[in-house]
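Scroll down for the structure; my scribbles are underneath it.
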Amino acid sequence: MDMIEPLVSIAVDLTAAMSAKDRYERLLSAMAKFLPYDAAALMRVDGDLLVPVAARGLIPDAMGRQFARSTHPRLDIICNSDEPVRFPADNTLPDPFDGLLSADAGALSHIHACLGCPLRVNNALIGVLTADAFDPKAFDDMDPRFLKAMGALAGAQMQTANLIDALEKSAERQGQIASDLMQDIHLRQGTQILGGSSVMEHLRREIDLVARSDFTVLVLGETGVGKELVVRAIHAASNRKEAPLLYLNCAALPETLAESEMFGHTRGSFTGASRDRAGKFELANEGTLFLDEIGELPLSVQPKLLRAIQEGEIQRVGSDMTSRVDVRLLAATNRNLEQEVESKRFRADLFHRLNVYPLNVPALRMRKEDIPLLAGHFCERIQRRLGLGPVRINPDSYETMTQYDWPGNVRELENVISRAVLKASFDVTRGDPVVIYPSHLGGDFVPAHLSERPQPPEEKTVFTKDFSFNDAVRALKIRMIQKAIDKNNGNWAAAARDLNMHRSNLHNLAKRLGLKN
C-alpha cells in the first residue's frame, strides 16, 4: 500500500477552504486508507477534558461526551507522551470508548489493538487522535516514524481549524459592575448547541447569518428548548462579543421596579432609592442586552422600551435628562406574541420592533434523532459530578425515549437522565460501569404510546369468614411486590427502590412470602 498518498492528502487539505467539520472528516477518511481501525476519534483539549470533534465507528452519544484525563488513564498517557503510543493488546487499563462502539458495544473490554497520537503545535498539546481495532495485531506493522508524521499533520489540521473558527473567544469585560451582572448567566449550564439534525443545522446557519448584523432578534420556542443558549451563541459570534452580554428576566420584574431595572434611577426618585443607579441599558452600552420572557413585560414599561429601541435614548427614573446608548437587543419568549397583541396584553408597535429577525428553536419532539447525542452529553456531565465509572445507556432505553413526546424538551431530558444515572448507580460498585435501563427512567416517564392504554383494574381482595387480618396484609404485600417486579421487568433492585425498601430487605420479605426460594 502506498503510505505517501494519504499523507499528501492531509497536507493538501491544510491550505484548502473548508469547514472544520469537513476538515476533521477528511482527516479520519485519509487515516482509514492506511490504518485498519474499527473506531477512531479526534478530540480537542479543553483544560483537563478531551472533547470529541469527529469520530468513526462510535455510537452517536459519544459525540456528546467529554473525557476527563483524570478518569481515563489511557488518554492521560497519550497526552503526556511526545510520541505515538501503541498499547499492548493485553493492556488492562480501561478503554475510554468501551461500550460506545457502534459495531460491538462490548468489544473493547476484550483484547484489542489500541493506539493514540498526541497532537502538538509548538510543543503545546491541542488534541488527541485515537484508533481502536478488534484485531489485536492490526497495528503491529505500523512504522512509528510514519505515525509521528501523521500526528504532526493531524495537529496542524486541528490548529488550522482552531484559527479559522476562532476558538479562542475569551472576552475582556468592561468594568466590575458589568462583570458582576454577568455572573449569573455564566453560571448557567451549557455553552454549545448540541444536535446534528437538519432542523438544528438550519438553526446554526440562521444564528451565523444574523449574528454578524446588529438586528434585534426575537428567539421563540417552548419552555426548555434552549432559547438562552441560542442568545449566547448569537452574542458570541457577533461583532460585540468582546463587550458585555447582560441578562434581564422580565418575568421576575415587579411592575414598580421594571423601569428602574431597565433604565436606572436617580437618588430620591422613589422610596428606597438611596443613590443613583445605572440600569441594564447603560451597563450594556456597546454590548448586548438579553430580555428573557419579554412577553411578561408590564404594559406600562413597554412604551419606554420602544423608545430605547427606536431612538437609542433612555431616561433614568427621576431624571429630566436623556442619554444615548448603543445596545443590541436580543429577546426570548415562549408566548405567542401575535396572540398577546390581539388580546391587548402586548403593544403591536413594540412587537414589530422586536420581530425584526425571529428565530424558532425546535422542540425536542421535532428532532428526536438528537436524543442520543444530548443524552451522552448529560451522562458524561452527571458522571463527573457524582464521581462515577463510565455511564452507558441500554439500547432499549433509547427506544423508550424516542417514543416519548418530551413536553419539557431538552431540560426535561437532562432531568430524566440525571435521575436515571442516580438510580442506576445505586447498587453499582464505585468505578464500575453504570448502565441505564428503561426501568431507571422513572415512574413519571411514560412513553406516549403507552399513556393512552387503559390500565387494568386493581385486583380486589375477597374477604371470607376464614380470611383473617394477617391474611389480608400478606395478600397486599404479595400483590405490591409482584406489581413492582412486573413494572421493572424482573429487576429486583429497581423494584426495591420503587417500594422504598432496601434490596436485601425485599429479598428476605419475598422469601418469607413464598415469592422466592
Side-chain angles (χ1 to χ4, degrees), residues 39-55 58-59 61-88 90-101 105-109 112 114-121 123-132 151 154-155 158-159 162 167-168 170 186-192 194 373-393 414 417-418 420-422 424-436:
L42 182 64
M43 296 179 282
R44 64 174 173 83
V45 172
D46 184 6
D48 180 56
L49 300 176
L50 293 171
V51 182
V53 295
L58 300 180
I59 60 177
D61 89 26
M63 293 299 292
R65 296 173 180 265
Q66 296 177 332
F67 298 85
R69 292 171 55 176
S70 57
T71 56
H72 293 291
R74 290 198 187 215
L75 293 178
D76 192 49
I77 290 172
I78 296 169
C79 290
N80 290 324
S81 175
D82 293 325
E83 305 282 340
V85 179
R86 188 159 49 198
F87 293 92
D90 57 353
N91 190 288
T92 58
L93 292 176
D95 193 298
F97 298 111
D98 184 27
L100 299 178
L101 269 68
L108 300 188
S109 62
H112 66 284
C114 175
L115 68 81
C117 291
L119 307 183
R120 299 183 182 276
V121 175
N123 294 322
L125 182 71
I126 65 168
V128 164
L129 183 64
T130 67
D132 291 282
M158 179 168 280
Q159 177 73 346
N162 289 350
L167 294 179
E168 296 179 0
S170 58
H186 284 301
L187 291 176
R188 296 171 185 269
Q189 292 183 346
T191 56
Q192 63 179 134
L194 295 174
L373 182 68
L374 293 164
H377 174 74
F378 295 141
C379 280
E380 205 68 29
R381 191 154 68 187
I382 194 68
Q383 173 191 346
R384 292 197 304 272
R385 190 181 302 166
L386 298 179
L388 302 173
V391 177
R392 305 291 182 248
I393 301 178
E414 181 179 9
I417 293 296
S418 298
V421 172
L422 192 62
S425 65
F426 181 74
D427 294 315
V428 175
T429 303
R430 192 172 186 84
D432 284 355
V434 176
V435 182
I436 298 175

With a 4.5 Å limit on heavy-atom distance, are the side chains of [X] and [Y] in contact?
X	Y	answer
Ile393	Cys379	yes
Cys114	Asn91	no
Cys79	Pro118	no
Leu119	Leu42	yes
Ile382	Leu422	no

For this session: Please check if any side-chain donor atom of Gln66 sits under 3.5 Å from a side-chain acceptor atom of Arg384, or the reverse.
Result: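 Indeed, the side chains of Gln66 and Arg384 share at least one donor-acceptor pair under 3.5 Å.
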Exercise. Looking only at atom types and distance, does a side-chain atom of Arg381 sit under 3.5 Å from a main-chain N or O of Ser418, one as donor and one as acceptor?
Worked result: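 Not at all, since once roles are kept as given, no pair shorter than 3.5 Å links the two residues.
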For this session: Report the distance from atom CG of Leu374 to atom CD of Glu414, rounding to the nearest 0.5 Å.
Result: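 Answer for the CG-CD pair, Leu374 versus Glu414, is 10.0 Å.
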Exercise. To the nearest 0.5 Å, how far apart are CG in Leu125 and CG in Leu50?
Worked result: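 That separation rounds to 7.5 Å.
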For this session: Quick one: list whatever passes side-chain contact (heavy atoms from CB on, under 4.5 Å) with Val85, sequence neighbours left out.
Result: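 Residues passing side-chain contact (heavy atoms from CB on, under 4.5 Å) with Val85: Ile77, Ile78, Ser81, Phe87.
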Problem set entry | Results of side-chain contact (heavy atoms from CB on, under 4.5 Å) for Ala131 - residues two or more places apart only |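 With neighbours one apart ignored, the set is Leu35, Tyr37, Leu115, Phe139.
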Exercise. Partners of Phe67 by ring pair (Phe, Tyr, Trp, His ring centres under 6.0 Å), sequence neighbours excluded?
Worked result: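 Partners of Phe67 under the ring pair (Phe, Tyr, Trp, His ring centres under 6.0 Å) test: His72, Phe97.
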Looking only at non-hydrogen atoms, find the nearest pair between [X] and [Y] and report the distance.
X	Y	value
Leu386	Arg430	O-NH2, 3.8 Å
Val421	Val434	O-CG1, 4.2 Å
Leu101	Ala39	CG-CB, 4.1 Å
Gly431	Pro390	O-CD, 3.9 Å
Pro433	Val428	O-CG1, 3.6 Å
Leu75	Met43	CD2-CE, 3.7 Å

Problem set entry | Working for side chain to side chain contact (heavy atoms under 4.5 Å, CB included), residues Arg69 and Val45 | CA-CA 10 Å; Arg69 292 171 55 176; Val45 172; 5.6 Å; no
Exercise. Name the one of Leu373, Leu58, Leu100 that satisfies side chain to side chain contact (heavy atoms under 4.5 Å, CB included) with Arg65?
Worked result: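 Exactly one pass, corresponding to Leu100.
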